[in-house]
Amino acid sequence: MARCVRGIRSKRNSRIAAFVLIPFLLCACSAGGGTPPFGSPSTSPVGGLPSEIPFSSSNGHGVVSLPAALSAPAGDSAYAVASTNQPSGVPALPTTGGATSIFYLSLGFSQPTIFSAQPGISYTLVGIDPTKGPIYLAELQPGSTVWQQPFAGPAETFTGNAQVLISTGTTSYPSGSPVIFALYQTINPIFPIVLSPNTVTLSTKGQSIVVAASAASYSGAFTATSQNTAVATVTPSSGTSFTVTAVGAGTTTVAFTDTKGATTTLPVTVAFAPIVLSTTTQAFTSIGQTQSVTATVAGYSGVISAVSANPNVVGVTSNGGGNFTLNATGMGSTTITFSDTDGTTAPLPVTVAFAPIVLSVPSQAFTQVGQTQSVSASVAGYSGVISAVSANPSITTVTANGGGRFTLKAIGAGSTTITFSDTNGTTAPLPVTVTFAPIVVSPSTQAFTAIGQTQTLTATVAGYTGTITAVSNNTGIATITAVGGGQFTLRAVASGSTTITFSDANGTTQNVPVSVTLSGGGVTVPGAPWTITELGSGSFTAAPSGIVSGPDHNLWFTEPTTDNYGNMTLGGVVTEYPFTLPTGSKPTAIASGTDGNLYMAESLGNAIAISTTSGFIITQPPTSGSPVALSVASNGGMWAAVLPNTLCPVSVSGIGTCVTTPSTALSGLANGSDGRLWFAQNGNNTIAAMSIPSFTFASYAIPTANAGVSSLASGSDGNMWFTESNTNKIARITTSGIVTEFTTPIAGGVPTALTLGSDGNLYAIDTTHNDLIRCTTSGMMTVISLTTTSPQFLTNGTDGNLYVTQATPAAMAQVIP
């Protein structure tokens with residue numbers, strides 16, 4: 001007899017207490033005992049059951065918990081039930097979560113026990129003791145008749161959506177006689193889907209691979225879906241064998257699912273082979289030059305095409321078989337893009353850079369009318385025609401002699417440019433100046449204090465024997481009479497200012513300023529008690545020159561001698577930045593743009609530098625000549641006055657289309673109250689204004705000849721104001737062109753830089769005398785001597801004070817009116 005463990009009976013009622021069964025052993029105690037007839041324990045799904053079980057009551061039922069060792073396979077759960085006459089003790093059977101083992105123990109019942117099966121679940125009956133009589137199974141299908149069959153043992157399986165009737169087939173058993181059987185329930189578990197192969201890598205468009213899907217204890221179909229059909233597709237959508245096909249480069253996953261809810265994914269990678277070019281870059285040096293290029297793709301036999309981003313620079317022709325010919329058509333840079341039908345591309349950068357035109361001289365200076373100079377122009381590897389043209393034939397002409405040889409001839413005083421060109425579009429400029437010996441007049445200026453006073457003036461020109469003439473620009477103020485031999489008599493006529501212009505046959509002129517100052521003149525001397533404080537001394541690497549109040553409220557300046565620039569706070573803290581341009585660029589004028597950047601004119605670098613307030617130069621667009629002044633126009637754009645005779649719009653994108661002015665020797669630039677851009681043309685001694693956007697000009701003569709205008713500013717009275725450095729005057733011009741000149745109270749004064757102060761007055765610098773001049777809009781002037789030497793430029797700070805850059809020592813002067 002097998003070992004058994006007796007249950008513990010409750011003292012309060014006759015219900016059967018719970019039993020604990022030892023692993024792999026379920027015993028029943030009876031009078032006769034018995035041995036199971038169905039072989040070894042391993043033949044049972046739960047390891048086999050013995051034939052006897054101790055039970056302390058002949059009537060009752062209860063639930064018996066099975067130990068883990070008697071349960072179904074790992075991960076399942078198990079239950080056991082003991083009952084006498086009714087199945088009321090049978091618990092509800094779980095139907096989810098893998099396999100479940102249910103053990104039903106019946107003890108001597110006289111009526112059938114009915115158990116309801118669950119759809120899709122298999123049940124196995126085991127452990128029946130045949131010594132107690134035959135056991136029958138009856139499967140009741142809905143709508144069908146009842147059938148019975150003896151239990152054959154050791155186990156019998158049937159499938160659900162039915163009721164199962166379990167009975168002894170007899171009623172002869174006395175109450176309490178045990179009949180032992182168990183019902184083993186297995187819910188079909190979910191097994192993982194196995195793919196073969198479990199990863200896929202494809203290398204060409206249209207390439208495919210077969211993938212098989214399977215799962216243990218599963219014979220149904222699987223569904224498959226590509227997560228990115230632009231990379232790979234999968235067919236069919238349902239089955240057990242699938243084809244994965246490459247569509248485009250990239251990665252995706254194919255999701256597989258069975259009807260039991262199992263899922264898995266198949267990683268798919270489509271990586272096309274790259275296009276390999278026979279060369280990675282190409283440079284041409286002349287139009288018509290060609291180069292062969294081969295493009296190949298490993299494992300690819302389709303067509304490869306190529307296209308030029310700019311056929312005007314380089315064209316490309318396919319020769320078949322991945323062979324191509326590049327052809328240079330113009331100067332510049334472009335990219336040839338090679339492509340295959342897989343969508344793979346490969347860029348080939350191409351440049352066409354022609355050899356420069358080399359001139360035998362970098363510049364030319366003439367000192368006499370009719371003087372000539374030979375110039376040769378050549379281009380390495382070029383045999384075509386080279387031509388040349390003068391920007392101003394009235395100053396210098398150019399004649400081609402063939403073979404790249406040319407003759408320059410001086411015609412008149414001034415500056416111009418000879419531009420040499422070849423058929424490739426390459427150009428080379430040759431700057432030319434014609435500077436005649438100056439007319440020297442003694443004395444160079446004249447001041448009268450009474451009407452009728454006279455002064456003898458002598459005019460000479462070195463190496464010149466021709467006639468010299470003199471004209472008074474205002475005979476109502478002073479007259480001039482030729483005496484002979486270069487001598488002239490100057491006579492005061494009335495209070496005011498004028499200019500005597502001396503001329504020779506070469507076209508050279510010289511202006512002599514004349515003032516007639518009577519008692520009650522419009523000046524006051526000395527200056528008011530202003531406060532002057534020197535700031536930043538010892539902090540500057542070199543002398544600051546140009547100055548402007550920046551958008552960050554700091555004072556920004558240039559240092560021409562060191563090619564640097566920087567800023568100073570209103571408290572005097574100096575920060576300098578290196579000028580990242582060629583040495584000798586010499587930044588001078590500086591202006592604040594409406595875009596929040598600082599603009600600087602490179603007087604020798606022939607460029608405009610643009611900097612952020614953090615000291616980062618963002619562009620250096622080139623100009624055609626030397627920029628001398630900058631100003632914001634009425635449209636908000638920045639403009640530059642460029643020698644000899646152009647006005648150019650400037651932005652971070654570069655230099656726009658420049659406009660040629662009526663005359664040369666531009667100086668000063670300021671936006672007027674009438675919306676026009678005002679500037680001086682010292683080449684013809686006029687003040688000019690340009691309308692925007694029509695770019696039309698109006699020029700107004702300055703009464704005093706050779707005024708030498710240095711600076712312009714828009715006044716608080718709506719007029720334009722300017723300084724005449726050669727005539728010691730500060731002048732006013734209305735928007736209709738009426739000029740009024742005011743002589744400064746400084747003897748031999750040289751007013752230069754000019755700005756509008758916060759108090760509505762005009763302020764000018766006299767560099768020669770280290771003075772600051774305040775001029776009201778009525779022409780009344782006040783002079784104050786600065787405490788330092790060599791003042792340069794000035795600006796109005798955001799704190800309402802004036803700030804003056806100075807050379808000796810290198811510092812700034814703060815002037816508080």
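We count residues from 1, following the sequence as given.
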Exercise for the section: Test side-chain hydrogen bond (donor to acceptor under 3.5 Å, both in side chains) on Thr294 and Asn323 and set out the steps. Expected result: CA-CA 5 Å; Thr294 301; Asn323 297 311; 3.2 Å; yes
Handout entry: Step-by-step side-chain hydrogen bond (donor to acceptor under 3.5 Å, both in side chains) determination, Ser611 to Tyr599
Key = CA-CA 7 Å; Ser611 173; Tyr599 289 72; over 6 Å; no
Exercise for the section: Given ring-ring contact (aromatic ring centres under 6.0 Å, His included), test Tyr577 with Tyr565 step by step and report yes or no. Expected result: CA-CA 5 Å; Tyr577 301 99; Tyr565 71 108; 5.6 Å; yes
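Nearest approach of Asp258 to Ala215, heavy atoms of both residues: OD2-CB, 4.4 Å.
In this structure, Phe354 has its ring center no closer than 6.0 Å to that of Phe284.
No side-chain donor-acceptor contact under 3.5 Å links Asp342 to the backbone of Thr344. In this structure, Lys205 contributes its side chain and Ala246 its backbone to no donor-acceptor pair below 3.5 Å. Of the possible polar contacts, none joining the Asn424 side chain to the Thr426 backbone as a donor-acceptor pair under 3.5 Å is found. Formation of a donor-acceptor pair under 3.5 Å by the Thr351 side chain with backbone atoms of Ala353 is not found in this model. Using modelled atom types, no side-chain atom of Ser214 and backbone atom of Leu195 make a donor-acceptor pair closer than 3.5 Å. Side-chain atoms of Thr265 do not come within 3.5 Å of backbone N or O of Thr253 as any donor-acceptor pair. A donor-acceptor pair under 3.5 Å is absent between the side-chain atoms of Thr263 and the main chain of Thr257, judged by distance alone.
Counting heavy atoms from C-beta outward, Val350 and Leu326 have side chains that approach closer than 4.5 Å. Residues Leu266 and Val244 have side chains in contact (heavy-atom distance under 4.5 Å, counting atoms from C-beta outward). Side chains of Ser308 and Thr334 form a contact here, defined as non-hydrogen atoms less than 4.5 Å apart.
Ring pair Phe338/Phe324 is perpendicular by interplanar angle, where above 60° counts as perpendicular and below 30° as parallel.
Applying the side-chain contact (heavy atoms from CB on, under 4.5 Å) rule to Thr423 yields the partners Tyr382; only residues at least two apart in sequence or on another chain are considered.
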